[in-house]
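Below is one structure, written out as structure tokens; comments come after it.
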Amino acid sequence: MHLFPNEDYPNELNAAQRAAVEYNDGPALVIAGAGSGKTRVLVYKILHLIRLGYDPSRLMALTFTNKAAREMRQRIELIIGPAARRLRMGTFHSIFLSILRQHASLLGYSPSFSVYNSSDSKNRIKAIIKQMSLDDKVYKPNAVAGAISRAKNRLISPEAYRANVEYLRLDAKAGLGRLWEIYARYTQELKQSNAMDFDDLLFEINILLRNHPDVLAYWQGQIDYLLIDEYQDTNFAQYMIARQLMQERGNIFVVGDDAQSIYSFRGANLDNILRFRETFAGAKIFKLEQNYRSSQTIVQAAGALIQHNKHQIPKEVFSLGEVGEAIELHEAFSGDMEASWVCKRIDDLRRQTGATYDQFAVLYRTNVQSRTLEQVFRRTGIPFRIYGGRSFFDHKEIMDVVAYMRLVVNPNDEEALLRVINYPRRGIGETTMAKLRQQAFEVGKPLMEVLQELELYELGISRATQSKLSGFAALITELRGLSESTADFYEGMQLMISRTGIPVDLMSDTSLEGKSRQENIKEMLSGIEEYSRNAQEQGQEPSLEAYLSEIALLTDQDKKEHHTETGVTLMTIHAAKGLEFKHVFIVGLEEMLFPSILSVESEKDLEEERRLFYVAITRAEKTCHLGYARQRFRNGRTENTQPSRFLRELPPALLKRNSASIDTMVEFERSGWRQQRGYGRDQMASELPQHFTSQSFLPPSPTGGKRRHIGRRVAGEDAEPEVSHERIGDLRVGGRVRHRIFGDGQITALEGLGDNAKAIVAFDKVGSKKLLIQFARLEPLD
DNA sequence: CCGGTCAAAATTTTT
DNA sequence: TTTTGACCGG
Ligand SMILES: Nc1ncnc2c1ncn2[C@@H]1O[C@H](COP(=O)(O)OP(=O)(O)OP(=O)(O)O)[C@@H](O)[C@H]1O
């Protein structure tokens, strides 16, 4: 192949990767396991296109995080230089936000529309629920927000929602008969506020492209190639964007791994991968099989785990790397001791292998788990960095400042107005605001407008309060003046922020938190300064609008790296997607936590949890360490736990159990097992002696505790005899049952316990089947 | 309208 | 344990 004269890169790719990169005859999907170089292929694909003469500014590359986009751009810049800056590369949200601003008026927004973050949205929803006098115990704001978000991600408008009998029926059944109404009001309020939420960014771009053929044609003409990373996590709205832009020309290249689909809660839909061929005619599918990241042990363990999922695209993955060390499994007595173990092992490994702190990551299922880790890391003196959880811009004081800024740019932004009209305190209360909102509603004007013409209305608000209201309106006008008339952007912002009165208000709070709030404001200012400098370097005029756009989509992952300090990375598994570390610790492998208690009900959710574990394991290059605690402190209460079912799914031969101290076992013996739930009395008795050995780390197997049996189970395989029973729950041997698919039948045997309890049923139509009771939903007939 | 006190709830992942 | 909200007296 002599496409590239002074080849710097084909050597960096294997044959399969190169084939994908160099294929240029239409749509392509690269579907491959973890660590097989999908991201690398995407990078080289872009380089390849540029070498073929494509203009970087006409290549659109979409990622899911800002960080991924930034890193990809940097890698490309290293090779081709500053031209990489012209790539249209970023998250779906950020790329389409800028496009939406250009065409806002076509959609009924002004170009300076606000972008609501999740807490803005939630506040609006709360207010609407209250306004409609609905019970927020029934209409839980979080759940409502989730439902609205899901609707938007599936491109279901409020009108379509309302017209869909099936949705209404399901909602009504769940006692949420007025959900559609909340959705409709919410949408209307946002529109009136000249604001879009995160999901609107994807929704509205679809509307724009669908309803305005000229705009569609324009953008189709602007983009010569569309590339998408992590395609398995695209939702329907994102799929439709790709389709509208590229279905005709077919210049699309996507990479993904169905086994790493972990964002279904955000609407991610594997169908997008499955129907890629149908959507994009003539699509070619490439598979990559060699894992370059991890040891053979890690690749095999991950492979064995994911085998347990029924729904997956079969893939081979192999590693030619070293066999590597066994996966360490550690049982700790408590969350605290688990964290101590992590610290100790990091210390050991650092000494033994010379690894640096930044080559370690500690991954967990939920953000709260970072607390315990943080405390112990502090105590131990190991440097670390926590990603995720609350973003800098989620802090109250920052959101307050941002609200003033938003009001300056977009006076219709009702959420911003309600947030700060009485902060700092200026004596404008609930009652006044209720009257004003009523009035605004009646005349169909934004609140800010009403504030500016109070004298026109009969409001029943005292003179004194009226003047406070006008004062606020005047303040916003004044702030706008400051920001517009000050030549230096940063200086203007300084003046503006100080004029809001927030810094002074914070001064009066001398508590520790108060101090940290003041610090945050200072940090924000330095961020503004940096933004201003960057903009100018790139030859752009810094503006409040642009600044707000920039920060609207920032997350905690995007905090700038202080290269001076390196440390262990602490993050959720979700946040770790796409990353890699020499040494990975995965902690909190307990039932009800991982898998999450909210996911154990449905097999579909459980499979997603398993994929999450798969993602976690495959982040590791050299060693992988798993931890769980026998008891964990949660919501102010210490709870006994059971090891995660997923541990049983890893091949024992690849695991190295690591014994907890004797003290721990004694402590555990004293308080631990007695309260365990989920096992029958006999089972408990037969398990008892094992608690004194180091072999008790795994959950009891269905056979009654022969540990070596555990993990060897593959779906459908029953190598060893099962404990059998006469009854389990309301099922009994000899009883007749109904199955949703197989029809009616008679139970011939019951065996196994807990999650592994199975029924053998002789069905009238389809013969004898062995079913896992927890999934089979057998309905007793007598 | 404000700020304090007290009781109840908390239940996952993110752009 | 920490956060949120409802309630009440000034
Ligand atoms: N042909 C290759 N030769 C050497 N190293 C490679 C090759 N391809 C990929 N790698 C390395 O393998 C590792 C994984 O690659 P990459 O992150 O692109 O995989 P991925 O498929 O995107 O992984 P995941 O889906 O798990 O995020 C990286 O360190 C990368 O540099």
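So that the names make sense, note that chain A is the first sequence line, chain B the second, and so on, each numbered from 1. Computed from heavy atoms alone, side chains included, the values below leave out hydrogens, waters and symmetry copies.
A sub-4.0 Å separation between OP1 or OP2 of B/dT14 and a side-chain N or O of A/Ser118 is absent. Under 4.0 angstrom from either OP1 or OP2 of B/dT13 there lies at least one side-chain N or O belonging to A/Asn367. For A/Thr431, a side-chain nitrogen or oxygen approaches OP1 or OP2 of B/dC1 to under 4.0 Å. Considering only side-chain N and O atoms, A/Thr432 lies under 4.0 angstrom from the phosphate OP1 or OP2 of B/dC1. Contact check, A/Asn422 against B/dC2: a side-chain N or O comes under 4.0 Å of OP1 or OP2. Side-chain N/O atoms of A/Arg266 include none lying less than 4.0 angstrom from OP1 or OP2 on B/dT12.
Between A/Lys140 atom NZ and C/dG5 atom C1' the separation is 16 Å, expressed in whole Å. One interatomic measurement links the two molecules: CG of A/Asp136 to P of B/dA10, which rounds to 11 Å at whole-angstrom precision. Atom pair A/Glu230:CD and B/dT14:P shows a separation of 14 Å (rounding to whole Å applied). Here B/dT14 presents its P atom at 13 Å from NZ of A/Lys67, a figure rounded to the nearest Å. Straight-line distance from the CD1 atom of A/Ile148 to the P atom of B/dT14: 21 Å, rounded to whole Å. Rounded to a whole Å, the CZ atom of A/Phe203 is 17 Å from the C1' atom of B/dT15. The CG atom of A/Asp505 sits 12 Å away from the P atom of B/dC2 (whole-angstrom rounding). Straight-line distance from the CZ atom of A/Arg634 to the C1' atom of B/dA10: 11 Å, rounded to whole Å.
Residue contacts shown for A/Leu598 include a base, since a base heavy atom lies under 4.0 Å away. Here A/Arg425 lies in heavy-atom contact (under 4.0 Å) with sugar-phosphate atoms only. Contact annotation for A/Lys126: backbone-only contact, meaning every heavy-atom pair under 4.0 Å involves sugar-phosphate atoms and none involves a base. Within 4.0 Å of A/Arg371, counting heavy atoms only, lie sugar-phosphate atoms of the nucleic acid but no base atom.
Both cation-pi conditions hold for A/Lys67 and A/Tyr387: the charged atom is under 6.0 angstrom from the six-membered ring centre and inside a 45 degree cone around its axis. For the pair A/Lys38 and A/Tyr231, the cation-pi criterion (under 6.0 Å, within 45° of the ring axis) is not fulfilled. In this structure, A/Arg610 fails the cation-pi test against A/Phe613, since its NZ or CZ atom is not both closer than 6.0 Å to the six-membered ring centre and inside 45 degrees of the ring normal.
Remark: B/dT5 base-pairs with C/dA6. Criterion, Watson-Crick or G-U wobble with two distances under 3.5 Å. The base-pairing partner of B/dT15, taking Watson-Crick or G-U wobble contacts with both distances under 3.5 Å, does not exist among the strands shown.
Among the nucleotides C/dT3, B/dA10, B/dT13, the one closest to the side chain of A/Thr572 is B/dT13. Proximity note for A/Arg365 (side chain, C-beta onward) versus B/dT14, B/dT13, C/dT1: the nearest is B/dT13. Of the candidate nucleotides B/dT15, C/dA6, B/dT12, C/dA6 has the atom nearest to the side chain of A/Lys130. For A/Phe633, the side-chain atoms get nearest to C/dT1 when compared with the rest of C/dT2, B/dT14, C/dT1.
On the P atoms, B/dT13 is 15 Å away from C/dT4, given to the nearest whole Å.
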Quiz item: Step by step, would you call A/Phe646 with A/His308 a ring-ring contact (aromatic ring centres under 6.0 Å, His included)?
Solution: CA-CA 9 Å; A/Phe646 295 145; A/His308 287 78; 9.0 Å; no
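Stacking of the aromatic ring of A/Phe265 onto the base of B/dT13 is found: the ring centres lie under 5.5 Å apart and the planes are inclined by under 30°.
Residue order along DNA chain B, read from the 5' end via each residue's closest nucleotide, puts A/Thr366 first among A/Phe92 and A/Thr366. With DNA chain B read from its 5' end, the first of the two nearest nucleotides for A/Ser94 and A/Asn142 is the one closest to A/Asn142.
Checked by atom type, the side-chain pair A/Asn123/A/Tyr116 shows no donor-acceptor distance below 3.5 Å.
When the shell of 6.0 Å around CZ of A/Arg371 is examined, it contains 12 or fewer heavy atoms from other residues, nucleotides or ligands.
A/Ile205 CD1 to A/Met240 CE: the interatomic distance, rounded to the nearest 0.5 Å, is 13.0 Å.
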